**Q** 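Please read through the structure below; I'll follow up with questions.
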Amino acid sequence: MKKLWLWSVTAALAGFLFGFDTVVISGADKQLQALWDSSDSFHGIVVIGIALWGTVIGALLGGFPTDRFGRKKTLIGIGILYTVSAIGSAVAGDPITFAVFRFLGGLGVGASTIAAPAYISEIAPAKDRGKLVGLYQFNIVFGILIAFFSNYLLSGIGENAWRWMVGVEAIPALIYTLLAFSIPQSPRWLLSKGKQEEGRRLLGVVSPGQDLDSLMNEINKENSDNPKGESIFMKKYRFPLILAFLIAFFNQFSGINAFLYYAPRILEEAGLGASTALLSSIGIGVTNMVFTLIGINLIDRMGRRQLMYIGSAGYIISLSLVACAFFFGWEGLSVAFFLFIFIAAHAIGQGTVIWVYISEIFPNHLRGSGQSFGSSVHWVLAAVIPSMIPLLFGSIGAGPVFAFFAFMMVLQLLFVAFMMPETKGISLEALSAKLLGSRSRSQ
């Protein structure tokens with residue numbers, strides 16, 4: 001079990017780099033624009049925004065190496081991308097070079113949302129799968145907090161502070177890359193590639209006490225029932241595809257990235273001073289991490305659907321209150337309190353569940369491409385929705401925007417109640433058969 005935890009934590013560290021890489025640029029933002037005298041549009045789209053589009057492309061393409069070359073090799077490649085991106089960004093002498101290296105980091109972020117959850121879900125026992133895959137989400141929010149802290153410590157070291165801010169990521173990236181060489185391949189991936197002996201040996205390590213012959217037969221039966229050359233877009237996989245689309249769709253239509261990117265602006269619009277708004281946004285980060293930990297500890301006990309029920313209720317209440325605050329002119333710390341409820345609801349619900357759920361619902365031979373689809377939906381919406389927030393706030397106001405997000409969360413609640421199957425405690429192979437069975441009965 002110690003080896004299992006070590007391998008899971010190592011893979012989950014890709015999430016730490018994801019969180020760190022995403023947020024670290026915020027500390028260098030103003031310095032870079034002043035240094036290169038960039039226009040607002042060039043700075044926003046190219047210097048800052050290019051990494052996000054790298055994430056979209058990484059999510060779109062990351063399923064191919066994950067399925068073709070294996071989860072381990074893809075995780076190593078992700079570590080190399082992060083390391084090269086950090087060093088290259090730190091030494092860049094012009095905005096285009098900087099953007100190219102930041103784009104490489106974005107590719108790593110996008111691909112990590114596929115390879116890391118897929119790897120952990122395939123080595124984890126069914127009873128602990130939610131908790132172990134949830135380590136990836138915990139590392140994301142932990143990486144975000146460490147990036148804020150790192151930026152704070154490095155902010156006063158002079159005109160080249162930005163180089164140290166973006167470059168320091170190379171240290172954890174290099175450590176992660178070296179650790180990734182020490183983990184084994186996923187036994188389920190090996191079996192899907194016909195490597196029976198090596199797959200059986202590793203399956204014995206990650207599944208102690210289980211009947212290996214029975215487990216091997218179950219895995220090989222799934223592989224034979226679902227031959228090579230298939231696509232997640234085939235009719236038989238429509239149900240898991242719809243589940244992946246909807247959980248990613250609702251994740252972003254909660255408004256979570258709008259909150260995370262614009263928390264200080266939202267709080268200032270609600271009447272808080274700039275310093276209080278910034279302090280509150282740091283508190284939001286702490287709340288995110290604490291409730292993610294709670295979610296990880298509950299996901300295998302209560303199940304994915306129960307956490308989504310809790311999160312949906314919290315979303316609806318908090319978003320409705322925020323909308324009312326803007327409609328009726330409520331000001332002050334009450335709005336910050338509503339945002340804290342929102343972040344807690346997200347962390348314990350969607351934040352904990354999304355990467356676990358998408359990593360569970362596709363068969364072994366299509367897990368990479370299935371996660372690529374779900375991650376791509378997530379990242380495209382994560383790019384589009386926050387970019388519209390300043391325009392929407394300026395045109396229709398914050399109240400209608402948050403009322404719309406609250407309405408979308410009512411729809412999410414209906415999705416959980418009437419469509420979302422529970423996946424806790426079920427082996428990946430039995431789960432695949434169950435979901436395909438659900439598809440057959442619905443036809």
Side-chain angles (χ1 to χ4, degrees), residues 14-59 78 81-113 139-173 176 256-265 278 281-282 284-285 288 379 382-383 385-387 389-390:
F16 174 87
L17 294 167
F18 163 178
F20 193 100
D21 190 85
T22 302
V23 166
V24 75
I25 192 65
S26 64
D29 178 15
K30 291 182 178 178
Q31 268 191 301
L32 289 173
Q33 187 167 12
L35 175 66
W36 289 318
D37 194 25
S38 305
S39 68
D40 288 341
S41 58
F42 180 85
H43 180 71
I45 296 169
V46 178
V47 178
I48 303 298
I50 195 70
L52 189 53
W53 291 107
T55 299
V56 172
I57 293 174
I78 288 165
L81 282 173
Y82 280 131
T83 306
V84 172
S85 171
I87 295 171
S89 300
V91 301
D94 62 87
I96 298 299
T97 303
F98 181 85
V100 168
F101 282 109
R102 286 289 298 163
F103 180 81
L104 292 179
L107 291 177
V109 169
S112 79
T113 61
N139 271 278
I140 293 172
V141 296
F142 183 53
I144 288 171
L145 275 182
I146 295 300
F148 278 128
F149 187 60
S150 172
N151 283 350
Y152 172 76
L153 291 177
L154 295 170
S155 60
I157 64 173
E159 62 181 18
N160 283 321
W162 69 270
R163 295 190 187 274
W164 290 99
M165 286 178 184
V166 298
V168 74
E169 185 186 348
I171 298 171
Y176 161 74
I256 180 60
N257 275 19
F259 272 100
L260 293 178
Y261 293 174
Y262 298 108
R265 180 189 298 217
L278 185 60
S281 68
I282 294 170
I284 285 169
N288 196 6
W379 285 115
I385 294 173
S387 68
I389 291 299

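Bear in mind that the values here come from a model prediction, so they are computed numbers and not experimental data.
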**Q** Check Phe42 against Ser39 and note the closest heavy-atom contact, atom names and distance.
**A** N-OG, 3.2 Å
**Q** Is Trp164 atom CH2 crowded by more than 12 heavy atoms from other residues, nucleotides or ligands, each under 6.0 Å away?
**A** no
**Q** Can you name the residues that form a side chain to side chain donor-acceptor pair (under 3.5 Å) with Asp94, not counting sequence neighbours?
**A** Thr97
**Q** Identify all side-chain donor-acceptor contacts of residues 47-56 below 3.5 Å with residues at least two apart in sequence or on another chain.
**A**
unit_1 : atom_1 : unit_2 : atom_2 : d
Thr55  : OG1    : Ala51  : O      : 3.0
Thr55  : OG1    : Gly106 : O      : 3.3

**Q** Would you list the pairs meeting salt bridge (Lys or Arg N to Asp or Glu O under 4.0 Å) in which at least one residue belongs to residues 95-113, sequence neighbours left out?
**A** Asp21-Arg102
**Q** Could you give the distance from CD1 (Ile171) to CD (Glu169), rounded to the nearest 0.5 Å?
**A** 10.5 Å
**Q** Quick one: which residue pairs count as a salt bridge (Lys or Arg N to Asp or Glu O under 4.0 Å) with a foot in residues 42-56, not counting sequence neighbours?
**A** none
**Q** Taking all non-hydrogen atoms of both residues into account, name the closest pair between Leu32 and Phe98 and its distance.
**A** CD1-CZ, 3.5 Å
**Q** Short question: side chain of Thr83, backbone of Ala170 - any donor-acceptor pair under 3.5 Å?
**A** no
**Q** Looking only at heavy atoms, what is the nearest atom pair of Tyr82 and Val109, with distance?
**A** OH-CA, 3.2 Å
**Q** Kindly list each side-chain donor-acceptor pair under 3.5 angstrom involving residues 140-154, sequence neighbours excluded, with atom names and distances?
**A**
unit_1 : atom_1 : unit_2 : atom_2 : d
Asn151 : ND2    : Val24  : O      : 3.2

**Q** Which atom names give the shortest non-hydrogen contact between Phe101 and Ser85, and what distance separates them?
**A** O-OG, 2.6 Å
**Q** Among all residues two or more places apart in sequence or in another chain, which pass the ring pair (Phe, Tyr, Trp, His ring centres under 6.0 Å) test with Phe20?
**A** none
